[in-house]
Amino acid sequence: MSSSRAFEGKVVLVTGASKGIGAAIALEFARHGAAVAVNYASDKAGADRVVAEIAAKGGRAVAIKADLSIPSDIETLFGESKKAFGRLDVLVNNAGVYEFAPLENITPEHFHRQFNINVLGLLLATREAAKHIGPDGGSVVNISSGISTLAPPATAVYTATKASVDAITQVLARELAPRKIRVNSVNPGMFETEGVRAGGYNKGEMREWVEKTTALGRIGRLEEVAPAVLFFASPQASYITGETLHVTGGPR
């Protein structure tokens, strides 16, 4: 970013921001001057830690509980954010869940849990954001995944949700352009987050597969993904919409 306070006076809402990539994004926006609504579904302690870290550095942030699979929660999320900060300039659709399973183990529950949050939740959150972003426009950045094109085995449902996000990004870029709302997607590869560690994906076959199929031969660090999100939301990207940026270490 050309200025350390590039988002001064702006309000950013980051879904799923209590930990991992979402927390890193929230902290980076705050570092560049934005007031940040830190959404969480269950990890209040994590969200409070993010808010406290932002406040300790002189920033403004508020933690707001909302389950993105529940439409009424989404309305509450944006209402509480507006109550706290009075406006909305940027939505980062980061909230998501993942669960891998081979074809024979796929169930309706496995399917709907991921689609309800990763796809429907994202759509409904963007719909709500469009109501709150002012006439000067704003930005939506969807956090998809490099998996949408890598398509490894046993990820059919999760990969399908992220391929849907890629398609939605292009559709909504066209649909919201007349309202000066840009829509882009950042597609991270594997980063060592709490969720990745909890699932055991930071070691063993999955990590080995990622490293073998990545040009840089390693997984990513959290500080390597947030700047891409800030770029898409910044004035420097004012003529960019409907694009997908892979932050995956490159294909081998």
Side-chain angles (χ1 to χ4, degrees), residues 1-2 6 14-17 19-29 31-32 92-103 114 118-119 122 139-171 173 182-234 236-252:
M1 306 296 298
S2 61
V14 184
T15 67
K19 55 183 176 290
I21 289 174
I25 291 168
L27 291 166
E28 188 72 358
F29 270 111
R31 190 169 74 85
H32 287 273
V92 180
N93 279 312
N94 172 75
V97 294
Y98 58 88
E99 182 179 289
F100 302 154
L103 179 61
Q114 294 181 79
N118 299 1
V119 181
L122 177 146
S139 177
V140 175
V141 184
N142 296 324
I143 306 303
S144 180
S145 172
I147 208 167
S148 68
T149 52
L150 289 170
T155 68
V157 173
Y158 181 64
T159 295
T161 68
K162 293 306 184 178
S164 296
V165 172
D166 292 350
I168 287 166
T169 296
Q170 294 184 48
V171 172
R182 297 181 299 103
V183 185
N184 292 289
S185 174
V186 171
N187 293 35
M190 178 181 280
F191 286 76
E192 191 160 341
T193 63
E194 294 90 337
V196 167
R197 288 194 294 271
Y201 303 122
N202 61 316
K203 53 189 176 182
E205 290 183 9
M206 178 61 78
R207 178 164 181 166
E208 290 172 9
W209 182 84
V210 169
E211 291 175 341
K212 286 177 182 176
T213 57
T214 300
L216 294 181
R218 63 174 176 84
I219 65 173
R221 298 185 293 270
L222 285 177
E223 63 269 20
E224 294 176 311
V225 67
V229 178
L230 265 70
F231 168 70
F232 271 146
S234 75
Q236 285 92 334
S238 59
Y239 199 54
I240 302 173
T241 194
E243 295 294 340
T244 298
L245 176 61
H246 286 254
V247 185
T248 59
R252 177 170 289 182

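Hydrogens, waters and symmetry mates are skipped; everything else that's a heavy atom, side chains included, is used.
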Study note, to complete from the structure: Distance col, row I240:CD1 vs R182:CZ, nearest 0.5 angstrom, shows 7.0 Å
**Study point:** Minimum heavy-atom distance between V247 and A228, given as atom pair plus value
**Key:** CG2-CB, 4.0 Å
Check your understanding: Would you say Q114's side chain and E99's backbone share a donor-acceptor pair under 3.5 angstrom?
Key -> yes
Practice item. Indicate yes or no for a side-chain donor-acceptor contact from T15 to the backbone of A95 under 3.5 Å, with no hydrogens or angles considered. Key: yes
Point to revise | Donor-acceptor pair, side chain of K162 and main chain of T149, under 3.5 angstrom | key: no
Revision key, fill the gap. NE2 of H246 to OG of S185, rounded to nearest 0.5 Å, is 7.5 Å
**Study point:** Contact summary for V119 and S164, nearest pair of heavy atoms
**Key:** CG2-CB, 3.9 Å
Practice item. Give a yes or no answer on whether the side chain of N142 reaches the backbone of N93 with a donor-acceptor pair at less than 3.5 Å. Key: no
Practice item. Decide side-chain contact (heavy atoms from CB on, under 4.5 Å) for E28 and V229; before the verdict, give the C-alpha distance in whole Å, the side-chain angles of both, and the deciding distance to 0.1 Å. Key: CA-CA 9 Å; E28 188 72 358; V229 178; over 6 Å; no
Check your understanding: Backbone N or O of V210 within a donor-acceptor pair of the T213 side chain at under 3.5 Å?
Key -> yes
Check your understanding: What's the verdict on side-chain contact (heavy atoms from CB on, under 4.5 Å) for I147 and Y98, showing C-alpha distance, side-chain angles and the deciding distance?
Key -> CA-CA 11 Å; I147 208 167; Y98 58 88; over 6 Å; no
Exercise for review: Report yes or no: does T155 contribute a side-chain atom to a donor-acceptor pair with the main-chain N or O of F100 at less than 3.5 Å?
Suggested key: no
Exercise for review: Measure the spacing between CD of Q170 and CD of E243 and express it to the nearest 0.5 Å.
Suggested key: 8.0 Å
Point to revise | Close side-chain approach of T248 to T214, heavy-atom, < 4.5 Å | key: no
Study note, to complete from the structure: Smallest heavy-atom separation, P188 atom then F191 atom, equals CB-CE1, 3.6 Å
Revision key, fill the gap. By ring pair (Phe, Tyr, Trp, His ring centres under 6.0 Å), F232 pairs with (sequence neighbours left out) none
**Study point:** Contacts of type side-chain hydrogen bond (donor to acceptor under 3.5 Å, both in side chains), residue T244, not counting sequence neighbours
**Key:** none
**Study point:** Qualifying residue for side-chain hydrogen bond (donor to acceptor under 3.5 Å, both in side chains) with S144, from D166, N118, T161
**Key:** D166
Study note, to complete from the structure: Taking every heavy atom of R218 against every heavy atom of E211, the minimum-distance pair comes out as CA-CG, 4.0 Å
**Study point:** Heavy-atom donor-acceptor pair, E194 side chain to G20 backbone, under 3.5 Å
**Key:** yes
Review point. Are the side chain of N94 and the backbone N or O of I143 linked by a donor-acceptor pair below 3.5 Å?
Key: no
Check your understanding: A226 and A24: which non-hydrogen atoms are nearest, and at how many Å?
Key -> CB-O, 3.8 Å
Check your understanding: Roughly how far apart are L27 CG and E223 CD, rounded to 0.5 Å?
Key -> 12.0 Å
Check your understanding: Nearest heavy-atom pair of A237 and F231: which atoms, and what distance?
Key -> CB-O, 3.1 Å
Exercise for review: Would you sort out whether V165 and S148 count as a side-chain contact (heavy atoms from CB on, under 4.5 Å), showing the intermediate values?
Suggested key: CA-CA 9 Å; V165 172; S148 68; over 6 Å; no
